[in-house]
Amino acid sequence: MRAPYTQLYLHAVWATWDRLPLITPDIELRLYGAINEKCRELKSYPLALGGIDDHLHLLVRLPTTLSVADLLKGVKGSSSHLLTHEVAPDKFFKWQGAYGAFTLAKQDVDRVIDYIRNQKTHHVAKTIWDEWERCEIQDTDEDWDYRGSS
């Protein structure tokens, strides 16, 4: 059987509700495991997952059959459900509705993996990449021009 050959890489970032520090060390491993599992279930291949207490970054190789919206709906929904029903039902946990999503070329994959896996270090050292930390449209984006000028 023939199948398309693609290299579709997606870097997604999303935050907790109101950027509250809800991703605590006691839930982090279970949360990451649930996200990785859901990615594989959706036939996307997780390459890196990392974050801090108020947001996460995910890099996946995306299949042609899955939209960005469906991937993130599935990942956010299943991980939130796991946390609120099994892992920590006595604690508040919720993702914000928005997310940031960025495509990248194959030659940038290793650099993005390094950035994602070292999120805690980048945030402490304040060496974050502002554009890749955005989870929602800012007011200044309303003037964005598709030709790359504002």
Apply side-chain contact (heavy atoms from CB on, under 4.5 Å) to the pair Thr16 and Ile23, showing each step before the final yes or no.
-> CA-CA 8 Å; Thr16 57; Ile23 304 170; 3.9 Å; yes

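- The line from OG of Ser78 to CD1 of Ile35 is 7.5 Å long, rounded to the nearest 0.5 Å.
- Using a cut-off of 4.0 Å between Lys/Arg side-chain N and Asp/Glu carboxylate O, Glu41 and Lys38 are scored as salt-bridged.
- For the pair Trp17 and Trp95, the tightest heavy-atom approach, listed with the atom from each and the gap, is CE3-O, 3.7 Å.
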Test log, rule side-chain contact (heavy atoms from CB on, under 4.5 Å), inputs Phe102 and Val112 | CA-CA 11 Å; Phe102 313 90; Val112 175; over 6 Å; no

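- Applying the 6.0 Å contact sphere to CZ of Phe92 captures more than 12 heavy atoms from other residues, nucleotides or ligands.
- Taking both residues in full, the closest heavy atoms of Ala105 and Tyr9 are given as C-CD1, 4.5 Å, listed atom of the first, atom of the second, then distance.
- In this structure the side chain of Leu58 reaches within 4.5 angstrom of the side chain of Val60, judged on heavy atoms.
- Side-chain contact check for Cys39 versus Leu71: some heavy-atom pair is nearer than 4.5 Å.
- Rounding to the nearest 0.5 Å gives a distance of 9.5 Å between CG of Leu66 and CG of Leu10.
- To the nearest 0.5 Å, atom CG of residue Asn36 and atom CG of residue Leu47 are 10.0 Å apart.
- For the side-chain contact (heavy atoms from CB on, under 4.5 Å) test with Phe93, the passing option among Leu22, Val87, Leu20 is Leu22; the others fail.
- For the pair Leu59 and Tyr115, the minimum side-chain heavy-atom distance is 4.5 Å or more.
- Two residues are said to be in side-chain contact when any heavy atoms from C-beta on lie closer than 4.5 Å; Leu82 and Arg30 meet this criterion.
- Heavy-atom neighbours of Glu37 CD from other residues, nucleotides or ligands within 6.0 Å: at or below the threshold of 12.
- Taken from CD in Gln7 to CG in Leu104, the straight-line distance is 11.0 Å, to the nearest 0.5 Å.
- When all heavy atoms of Gln96 and Lys76 are compared, the closest pair comes out as O-NZ, 2.8 Å.
- Between Leu31 and Leu83 the shortest side-chain heavy-atom distance falls below 4.5 Å.
- His55 NE2 to Arg19 CZ: the interatomic distance, rounded to the nearest 0.5 Å, is 5.5 Å.
- For Thr24 against Pro21, the heavy-atom pair with the smallest separation is CG2-O, 4.1 Å.
- At least one side-chain heavy atom of Leu8 sits under 4.5 Å from a side-chain heavy atom of Thr64.
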